[in-house]
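Have a look at the structure below, then the notes.
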Amino acid sequence: MTNQNVIISERRSGFDSSVISLTPAVSGSLPQPGRVIAVPAKKSFKNIESGAGDHAPKITALLDSMRASSPTPRSSETENIKSWIAHHPSALNMFDEIINASKGKQIVVFLDYDGTLSPIVDDPDKAFMTSEMREAVRDTAKYFPTAIVSGRCRAKVLNFVKLSELYYAGSHGMDIKAPAKGRNYRKGNNQALLCQPAREFLPMIDEVYKSLVEKTKSIPGAKVENNKFCLSVHFRRVEEKRWTELAEQVKSVTKEYPRLRLTQGRKVLEIRPSIKWDKGNALEFLLESLGYANSNDVLPIYIGDDRTDEDAFKVLRNRGQGFGILVSKSPKETNASYSLQEPLENINMLVFLNIAGYVLSKPFGGVEKIVLTTKISEEIKPKPDED
Ligand SMILES: O=P(O)(O)OC[C@H]1O[C@H](O[C@H]2O[C@H](CO)[C@@H](O)[C@H](O)[C@H]2O)[C@H](O)[C@@H](O)[C@@H]1O
């Protein structure tokens, strides 16, 4: 069992160090000395990414990709996990570094929804977040601008999160409601900005949604979700022997629409406009709308679990700014700097950030050091790959 404390010492205040004990959510992860990263075959992490029309992937490629999202775990993965963690240490163990990097900067927090704020469940309509998580997010937004960036449609994710003080980017960033604080927007009124770069695709997406519902209705467990500017075809509850049929049905529809592209998430096929706009663009748009375009005074922290979050991690890496944090139990190719094992750990991460936010906001200021001490279970067991 993990025991985590946050020790906050305030030199300038002359106060004694205070120790705030937090109930541990789950065990942390031990950073190991550097080794060569060994991640599962590249294919497992590949986005299908080709257009849905002429350049559409073959059914076999689509199936390979669907199967790769639930590989059989091997015991030899222990070493891989350890070396992966050495390169992507638990964000909970890197708290000092994060706080040091934030000196003189505004932290802005970006959070994915499914698999990050809520656990992955069989029924997408029941992916509720816990009240503890909601509380942690609410507190985060008190100290730092906080945005949710999700593949779901904006209204649906707002309905799950239920916090009106946050900013929301739905449909993988293609539907953003943001504040108009940036230089380019200040002259206007105080209304929120709406960014919907794929607006012209709405009728097409509706048409494809209807066709997909029709074509997949005979496959038990298949579910088509309308996320406004994109669609999700879920196969988590479809028997594997019927995946070929499902992939064929999806292809039979999407091949008629060369302006759409097919990608894959966690046991889900996603259909979206093939415009150059993703969660990375959403992150940049939100930073700009908050008044931090090309600014060095900002420290974005993006926490996500899915392939689509990699676009945002990549933006942070290219900007050389902030931290991408991947929520994953197993090694994955990633552009994130740090990792968290599951949404439960994310609660602790947000709580730690909130304590830092609280202390930094005090008029006496001057936090000398925030030390996170984490006792970690000795053994890192291989865990089944995520799907
Ligand atoms: O960007 P996100 O907020 O992570 O959204 C990505 C997709 O998440 C949802 O699907 C995933 O979560 C479901 C509930 O746990 C799970 O049943 C499904 O297998 C996962 O793929 C959502 O339903 C999709 O529409 C989003 O695109």
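Numbering of ligands and ligand atoms starts at 1, following listing order. Please read these numbers as outputs of a predicted model, since none were measured by experiment.
Near Glu225, meaning under 4.0 Å from any of its heavy atoms, are these atoms of ligand 1: 22 (C), 23 (O), 24 (C), 25 (O). For ligand 1, the atoms sitting less than 4.0 Å from at least one non-hydrogen atom of Val268 are 21 (O), numbered in the order shown with element in parentheses. Near Tyr113, with a cut-off below 4.0 Å to any heavy atom, the atoms of ligand 1 are 3 (O). Here is the list of ligand 1 atoms found below 4.0 Å of a heavy atom in Asp122: 17 (O). Proximity to Gly151 (heavy-atom distance under 4.0 Å) selects the following atoms of ligand 1: 1 (O), 2 (P), 3 (O), 5 (O), 27 (O). Atoms of ligand 1 lying under 4.0 Å from at least one heavy atom of Ser232, given by number and element, are 24 (C), 25 (O), 27 (O). Every atom of ligand 1 is numbered from 1 in the order shown, and the set under 4.0 Å from a heavy atom of Ala127 is 14 (C), 15 (O). Taking a cut-off of under 4.0 Å to the non-hydrogen atoms of Pro119, the atoms of ligand 1 that pass are 15 (O).
Residue-level proximity to ligand 1 for Cys230 is absent, since no heavy atom of it falls below 4.0 angstrom.
At least one N or O atom of Ser150, backbone or side chain, sits closer than 3.5 Å to an N or O atom of ligand 1. Ligand 1 has no N or O atom lying under 3.5 Å from any N or O atom of Gly265, backbone or side chain.
Between Lys142 and the choices Thr140, Thr146, Asp139, the side-chain hydrogen bond (donor to acceptor under 3.5 Å, both in side chains) rule is met once, by Asp139. Considering Asp305, Ile301, Leu316, Thr334 as possible partners of Ile325, the one that fulfils the side chain to side chain contact (heavy atoms under 4.5 Å, CB included) test is Ile301.
Considering only residues two or more places apart in sequence or on other chains, Val157 meets the side-chain contact (heavy atoms from CB on, under 4.5 Å) condition with Tyr113, Ile148, Ser150, Arg152, Val161, Tyr168. By the salt bridge (Lys or Arg N to Asp or Glu O under 4.0 Å) test, Lys156 pairs with Glu225, sequence neighbours left out.
Between Tyr143 and Tyr358, the angle of the ring planes goes over 60°, which puts this pair in the perpendicular group of the 30/60° scheme. Ring geometry for Phe160 against Phe128 counts as perpendicular: the plane angle is over 60°, on a 0 to 90° scale with 30° as the lower cut.
The heavy atom nearest to atom 18 (C) of ligand 1, out of those in Arg237, His234, Lys267, is found in His234. Nearest to atom 20 (C) of ligand 1 by heavy atom, out of Lys156, Arg152, Arg266, is Arg266. Of the candidates Leu111, Thr308, Asp114, Asp114 brings a heavy atom nearest to atom 8 (O) of ligand 1.
A salt bridge links Arg259 and Glu200; the closest N-O separation between the charged side-chain nitrogens and carboxylate oxygens is under 4.0 Å.
A distance of 12.0 Å separates SG in Cys153 from CD1 in Ile205, rounded to the nearest 0.5 Å.
Residue contact annotation: Lys126 has no non-hydrogen atom under 4.0 Å from ligand 1.
Here the two rings, on Phe313 and Tyr302, have centers that are under 6.0 Å apart.
In summary, the side chains of Asp112 and Thr116 do present a donor paired with an acceptor at a separation below 3.5 Å, with no hydrogens or angles considered.
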